[in-house]
A.B. asks: 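Take a look at the following structure, please.
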Number of protein chains: 2
Amino acid sequence: MIAYTASKIATREFTAKAPLLPTRPQPLHFFAAGTEIYGQNELAGCIYQVEFGAIRIYRLLADGRRQISSFHLPGETFGLEVDDRHHFCAEAISNCGIRKFSLASHPEMSGELLSLALQSLGRAQDHLLVLARQAACERVGAFLLELAERQGGTNMIELPMSRMDIGDYLGLTIETVSRIFSKLKEQGIIRLPSLRCIEIMNWDALHSMNA
Amino acid sequence: MIAYTASKIATREFTAKAPLLPTRPQPLHFFAAGTEIYGQNELAGCIYQVEFGAIRIYRLLADGRRQISSFHLPGETFGLEVDDRHHFCAEAISNCGIRKFSLASHPEMSGELLSLALQSLGRAQDHLLVLARQAACERVGAFLLELAERQGGTNMIELPMSRMDIGDYLGLTIETVSRIFSKLKEQGIIRLPSLRCIEIMNWDALHSMNA
DNA sequence: CGAATAGTTGACCGATGTCAATGAAGGTGG
DNA sequence: CCACCTTCATTGACATCGGTCAACTATTCG
């Protein structure tokens, strides 16, 4: 659908991360930005690992509200479900390369599943805390810290996702997200060299937003 | 600490639920209302099953804000952690009887762990959706439906927890929780025979609050 | 270069939080 | 058994944060 240009494949996305599933090389599947990797109610049974690009996992409510439960960056895995159906959609945010592992045909992976499930659980619980008890600016702060950490602790955060994605992840509107970015910029806590890039100038300030 | 009176042990709390861990009878531990079952940062490694009573799992932020991530009713299990430490506190809401299964000394239970983890994950994800994208009255509606379902689909819901617990679970203040209960009562959707008991009069209305 | 899309900013409003007063329930001691 | 006291819940008045609507700006893509 969308031309696959080199510029889309950001350099940092090739950084290696805990390679959980190196059983044997699986073919790399490409997904253009915006395309669906799997849909709600489809049969589950595979684990996906991001090679490059970024993906979002989300649900839709009947009235169109969307809730993004997680983003996944290179090296990270997704696709594990509570039962044999997908309860979420997975979509490529940017152009992606993804490796797919069928659980049925890789029984040697079953040992990994518990640790994958626990990792997902831990992230969900952390996210829960943010959504339940943090104000908008604290949510954005937590989001930036989380992204920075998952990108290796760098000052220069790359944002593969749109403001709308961020809002749907944090339970905020795009306007609020935008306003808070502007406020943090005014306060010298971050810089915004470009729309999809944030430089953290004051880590302490970000950390002190959270308890 | 608190006298253990028969009246505290509500009758419904003995109803059997999916007995996940019937490996062999474990001694029943008693916890008085308000007492801690385990604390944050303590060593983990056990699974707990509620025999009767109710417990809350929560974290505290530095400024005192509390987030309750889950409640557990008779038959349900809790205590599984992402690593070897507890990241949450567990407290008895009412007087409780609890069975404790050490993972180390019950290797035959390891098969259950994945399904326990996935069940926790599923609940966390559902809760996430509620907190991220639902208004206060929708949250309360979802909470009532969840409790009713976990109590066997009954119309008469017993609330073992205080308004403050409910607020800390739903990311609301006690005043808001109280106001919404009052509003639902006015609209004839629920009745409040007593503080800790809610009768659902109009299921459709509750369901239609959520998407 | 122009159109479409994404992001920012401002004005305004409403939902929810805060603070305070009142009311109800349950436990304790007389 | 009653009265008091403490704790919990409800209700109201008001403030505030964040959402909504709308205009404007910037960026991207054709």
Side-chain angles (χ1 to χ4, degrees), chain A residues 1-8 32-34 63-67 93-95 130-141 143 159-186 190-198 209, chain B residues 1-8 10 32-34 63-67 93-95 130-141 159-186 190-198 209:
Chain A
M1 308 211 167
I2 293 173
Y4 200 75
T5 60
S7 69
K8 280 283 179 180
D63 59 4
R65 284 179 290 184
R66 184 179 68 157
Q67 192 250 332
I93 292 176
S94 51
N95 292 319
V130 170
L131 293 182
R133 283 279 162 239
Q134 314 260 97
C137 59
E138 298 171 310
R139 296 186 199 190
V140 173
F143 173 70
L159 299 178
M161 67 291 286
S162 68
R163 301 290 189 268
M164 169 136 306
D165 287 336
I166 298 172
D168 286 346
Y169 178 67
L170 297 177
L172 302 170
T173 60
I174 57 176
E175 292 95 331
T176 299
V177 172
S178 182
R179 271 187 264 265
I180 289 172
F181 279 166
S182 300
K183 204 184 77 182
L184 294 177
K185 191 173 66 176
E186 273 170 32
I190 61 172
R191 288 198 329 120
L192 292 158
S194 77
L195 278 180
R196 296 301 179 89
C197 184
I198 290 188
M209 286 180 148
Chain B
M1 307 210 166
I2 294 173
Y4 200 76
T5 59
S7 68
K8 281 283 181 182
D63 60 4
R65 283 178 290 184
R66 183 179 68 156
Q67 192 250 331
I93 293 177
S94 49
N95 293 320
V130 171
L131 293 182
R133 283 276 162 243
Q134 314 259 100
C137 57
E138 298 171 310
R139 298 186 199 190
V140 173
L159 298 177
M161 68 290 286
S162 68
R163 300 291 188 267
M164 170 136 304
D165 287 335
I166 298 172
D168 286 347
Y169 178 68
L170 296 177
L172 302 170
T173 59
I174 58 174
E175 291 95 334
T176 300
V177 172
S178 183
R179 270 187 262 266
I180 288 171
F181 279 166
S182 299
K183 204 184 75 183
L184 294 177
K185 190 174 64 174
E186 273 171 32
I190 61 172
R191 287 199 329 120
L192 291 159
S194 77
L195 278 180
R196 296 302 180 88
C197 184
I198 290 187
M209 286 179 148

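In what follows, chains are A, B, ... by sequence order, proteins preceding strands, each numbered from 1.
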A.B. asks: Give the rounded distance in Å between these two atoms: CG of B:Asp63 and P of C:dG17.
C.D. replies: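 To the nearest whole Å, that distance equals 15 Å.
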
A.B. asks: Once you round it to whole Å, what is the distance between C1' of D:dG19 and CZ of A:Arg139?
C.D. replies: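 Distance check: A:Arg139 CZ to D:dG19 C1' gives 12 Å.
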
A.B. asks: What does the B/S/- profile of nucleotides 5-17 of chain D look like, 5' to 3', with a 4.0 Å heavy-atom cutoff to protein?
C.D. replies: ----SBBBB----

A.B. asks: Identify whether the distance between the nearest side-chain nitrogen and carboxylate oxygen of A:Arg133 and B:Asp63 falls below 4.0 Å.
C.D. replies: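 Salt bridge flag = no for B:Asp63 with A:Arg133.
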
A.B. asks: Which whole-number value in Å describes the distance from A:Arg65 CZ to D:dG19 P?
C.D. replies: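 In whole Å, D:dG19 P and A:Arg65 CZ are 12 Å from each other.
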
A.B. asks: How far does SG of A:Cys197 sit from CG of A:Leu192, to the nearest 0.5 angstrom?
C.D. replies: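 Those atoms lie 8.5 Å apart.
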
A.B. asks: Quick one: list whatever passes side-chain hydrogen bond (donor to acceptor under 3.5 Å, both in side chains) with B:Thr176, sequence neighbours left out.
C.D. replies: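 side-chain hydrogen bond (donor to acceptor under 3.5 Å, both in side chains) check on B:Thr176 returns B:Thr173.
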
A.B. asks: How long is the straight-line distance from CG of A:Leu184 back to SG of A:Cys137, given to the nearest 0.5 Å?
C.D. replies: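 The CG atom of A:Leu184 is 7.5 Å from SG of A:Cys137, to the nearest 0.5 Å.
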
A.B. asks: What's the NZ-C1' distance between A:Lys183 and C:dT8, to the nearest Å?
C.D. replies: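 From A:Lys183 NZ to C:dT8 C1': 16 Å.
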
A.B. asks: Base, sugar-phosphate, or nothing: which does B:Gly171 touch, judged by heavy atoms less than 4.0 Å apart?
C.D. replies: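 B:Gly171: backbone/sugar contact only, no base atoms under 4.0 Å.
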
A.B. asks: Let me know the distance between CD1 of A:Ile93 and P of C:dA6, rounded to the nearest Å.
C.D. replies: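 Checked: the CD1 to P distance equals 13 Å.
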
A.B. asks: Could you tell me whether A:Asp168 and A:Arg65 make a salt bridge, using a distance below 4.0 angstrom between a side-chain N and a carboxylate O?
C.D. replies: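 No, no charged N to carboxylate O under 4.0 Å.
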
A.B. asks: Can you tell me how far C1' of D:dT27 sits from CG of A:Leu159, to the nearest Å?
C.D. replies: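 A:Leu159 atom CG is separated from D:dT27 atom C1' by 15 Å.
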
A.B. asks: Just jot down the salt bridge (charged side-chain N to carboxylate O under 4.0 Å, His left out) partners of A:Arg191, sequence neighbours excluded, or say none.
C.D. replies: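 A:Glu199.
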
A.B. asks: For C:dT16, does either OP1 or OP2 sit under 4.0 Å from a side-chain N or O belonging to B:Thr173?
C.D. replies: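 For C:dT16, OP1/OP2 do not have a side-chain N/O of B:Thr173 under 4.0 Å.
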
A.B. asks: So, using side-chain contact (heavy atoms from CB on, under 4.5 Å) as the criterion, who are the partners of B:Val177 when residues are at least two apart?
C.D. replies: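 In terms of side-chain contact (heavy atoms from CB on, under 4.5 Å), with neighbours along the sequence ignored, B:Val177 is linked to B:Arg163, B:Ile166, B:Leu172, B:Phe181.
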
A.B. asks: Report yes if the side chains of A:Pro160 and A:Arg196 come closer than 4.5 Å at any heavy-atom pair, otherwise no.
C.D. replies: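 A:Pro160 vs A:Arg196: side chains apart.
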
A.B. asks: Excluding sequence neighbours, so at least two apart, what forms side-chain contact (heavy atoms from CB on, under 4.5 Å) with A:Arg179?
C.D. replies: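 Here the qualifying residues are A:Glu175.
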
A.B. asks: Nearest whole Å is fine: how far is C:dG7 P from A:Leu184 CG?
C.D. replies: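 Rounded to whole Å, this separation is 17 Å.
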
A.B. asks: Just report the end-to-end axis angle for the helix from C:dC1-D:dG30 to C:dG30-D:dC1, five pairs per end, to 10 degrees.
C.D. replies: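 The angle separating the two end axes equals 40°.
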
